Amino acid sequence: MLSKIIAEDLVSRLRESIAIKNEIVITCHVGPDGDAIGSSLALWHYLRGLGKSVHVVVPNRFPDFLAWMPGADEIIVYEKDRTRAEEVFAQADLIFALDFNEPKRLDKLEPVFSKAAAPRILIDHHLYPDNFAQLVISYPEISSTSELVFRAICRMGHFERITLPCAQCVYTGMMTDTGGFSYNSNHPEIYTIIAELIKIGVDKDDIYRKVFNSYSHDRLKLRAYSIYRKMKVYPKYRTALITLTLDELNRFNYQAGDTEGVVNIPLSIDGVVFSVLMREDTDKIKISFRSQGTFPANKVAAELFGGGGHLNAAGGESYTTLAEAVDKFRKGLPAYRHLLEE
Ligand code: 5GP
Ligand code: MN
């Protein structure tokens, strides 16, 4: 039996909203990861099972290692099919916002989302959600939005409606947002849920292999290059920084998601508690932050680069050159000395 994390009145309001709505759009953050796609597709499967007309719209491409997910081929990618995305948002009578806490995380899809007339329901686990939804189901202590979707469905009395495809999507999100249950994963109920998902038929070993062991040759070489040639360690600050230019990425035939997980690698060095990856994009520098223990990666992301996220996993952007972003980081790092030095 799971504890009742989601408040009863939120469950009732969720149930009531779903009951009276029929044209539903589900959306998630830019650069969708396993939890964004996992939670969106899990909810999509559930709502379709109820007979709703429902579409998942994401701002931009998701990584190939998620393409196997049941329903992935029906996702509308805004950057590829703007007209269709705008159409479904305009027709929607209910919008679900999953796995993000502020509309700007939708990037270029934000104006479409903000203009749509339909009421919004947020299901998320990031700190400090903005006030943009009529119903807010926000539990930062839960390690994935996919787990929250599972909990919400169960609390509505619909555990029996969780089909194998839905369960596979829930599992994928829970697995990816905890790095294969290697961080943020000590809550015992995570494993109660996994046991239920396995009983439904989820093959967890197969999902692990599809998501984490499905590299292209180029992707593995890029990973090796990032560590061997591009990683800089600042032992005094127990910090590591990796930078990748567009030119370097192109050399390895970069595809969306290819640098996923690279930022975690330096944390495997004994003593390193903070790791940063800066990846040059066509219009910005995308920055990922990871930490171990109590060091607040999200604080650095917010204070230096206007980003955010969780204590141990955060992100931000810089609209400067890569060199300027590095400079800003190096100059800013000493301010966190008291939290980093041994
Ligand atoms: P990643 O490094 O995998 O892109 O993101 C790690 C975490 O930080 C995720 O929870 C993600 O939602 C959050 N995050 C990533 N980029 C940004 C950003 O630009 N702004 C904010 N507020 N959060 C971000
Ligand atoms: Mn998430």
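Along the sequence shown, residues carry numbers from 1. Atoms within each ligand, like the ligands themselves, are counted from 1 in listed order. Keep in mind that this is a model prediction, so the values were computed, not measured.
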(request) For the pair Thr320 and Ser318, evaluate side chain to side chain donor-acceptor pair (under 3.5 Å) and give the outcome as yes or no after the intermediate values. (result) CA-CA 5 Å; Thr320 60; Ser318 177; 2.6 Å; yes
(request) Assess the side chains of Glu317 and Tyr319: does a donor N or O sit below 3.5 Å from an acceptor N or O? (result) yes
(message) Check the orientation of Phe113 and Phe89. Use parallel for under 30°, tilted for 30 to 60°, and perpendicular for over 60°.
(response) perpendicular
(message) At less than 4.0 angstrom from any non-hydrogen atom of His310, what atoms of ligand 1 do you find?
(response) 10 (O)
(request) Look at His126 and state whether any of its N, O or S atoms is less than 2.8 Å from the Mn ion (ligand 2). (result) no
(message) Can you name the atoms of ligand 1, numbered from 1 with element, that are less than 4.0 Å from a heavy atom of Gly308?
(response) 8 (O), 13 (C), 14 (N), 20 (N), 21 (C), 22 (N), 23 (N), 24 (C)
(message) Is there a polar contact between ligand 1 and Gly315, counting only N or O atoms under 3.5 Å apart?
(response) yes
(message) Between ligand 1 and Gly31, can you find any atom pair, the residue atom being a heavy atom, that is separated by under 4.0 Å?
(response) no
(message) Is any side-chain heavy atom of Phe329 closer than 4.5 Å to one of Thr239?
(response) yes
(request) Please could you name the atoms of ligand 1 that Ser288 approaches to less than 4.0 Å, counting only its heavy atoms? (result) 1 (P), 2 (O), 4 (O)
(request) Show which atoms of ligand 1 fall inside a sub-4.0 Å distance from at least one heavy-atom site of Glu102. (result) 22 (N)
(request) Would you mind listing which atoms of ligand 1 come within a distance below 4.0 Å of any non-hydrogen atom of His126? (result) 9 (C), 10 (O), 11 (C), 12 (O)
(message) Check for me whether Lys230 meets the cation-pi criterion with Tyr228, that is, NZ or CZ under 6.0 Å from the six-membered ring centre and within 45 degrees of the ring axis.
(response) no
(request) Taking only heavy atoms of Lys286 into account, list the atoms of ligand 1 that are under 4.0 Å away from them. (result) 4 (O), 15 (C), 16 (N)
(message) When you measure from the centre of the six-membered ring of Tyr215, is the NZ or CZ of Arg219 closer than 6.0 Å and no more than 45° off the axis?
(response) yes
(request) Anything under 30° is parallel, anything over 60° is perpendicular, the rest tilted; go ahead and classify Phe132 against Phe100. (result) parallel
(request) Would you tell me whether Glu324 and Thr321 have side-chain atoms, one donor and one acceptor, within less than 3.5 Å of each other? (result) yes
(message) If you consider just the N/O/S atoms, which atom of Asp177 is the closest one to the Mn ion (ligand 2)?
(response) OD2
(message) For atom 11 (C) of ligand 1, what's the nearest protein heavy-atom neighbour? Residue, atom name and distance, please.
(response) Arg105 NH2, 3.3 Å
(request) With the Mn ion (ligand 2) as the reference point, give the N/O/S atom of Asp99 that is nearest. (result) OD1
(message) Minimum distance, heavy atoms only, to atom 7 (C) of ligand 1: which one of Gly307, Ala302, Ala313 is it?
(response) Ala313
(message) I'd like to check whether Arg290 has a polar contact with ligand 1, where a contact means an N/O of the residue lying under 3.5 Å from an N/O of the ligand.
(response) yes
(message) Show me which atoms of ligand 1 lie under 4.0 Å from any heavy atom of Gly316.
(response) 16 (N), 17 (C), 18 (C), 19 (O)
(request) Specify which N/O/S atom of Asp35 comes nearest to the Mn ion (ligand 2), by atom name. (result) OD2
(request) Any chance you could lay out the side chain to side chain donor-acceptor pair (under 3.5 Å) test for Asn184 and His310, step after step, and finish with the verdict? (result) CA-CA 10 Å; Asn184 227 349; His310 314 281; 5.5 Å; no
(message) Between Arg61 and Glu79, does any NZ, NE, NH1 or NH2 come within less than 4.0 Å of an OD or OE carboxylate oxygen?
(response) no
(message) Which residue in the set Asp124, Asp99, Asp35 passes side-chain hydrogen bond (donor to acceptor under 3.5 Å, both in side chains) when paired with His29?
(response) Asp99
(message) I need the nearest protein heavy-atom contact for atom 5 (O) of ligand 1: residue, atom name and distance, please.
(response) Ala314 O, 4.1 Å
(message) Using a 3.5 Å cut-off on N or O atoms only, is Glu260 in polar contact with ligand 1?
(response) no
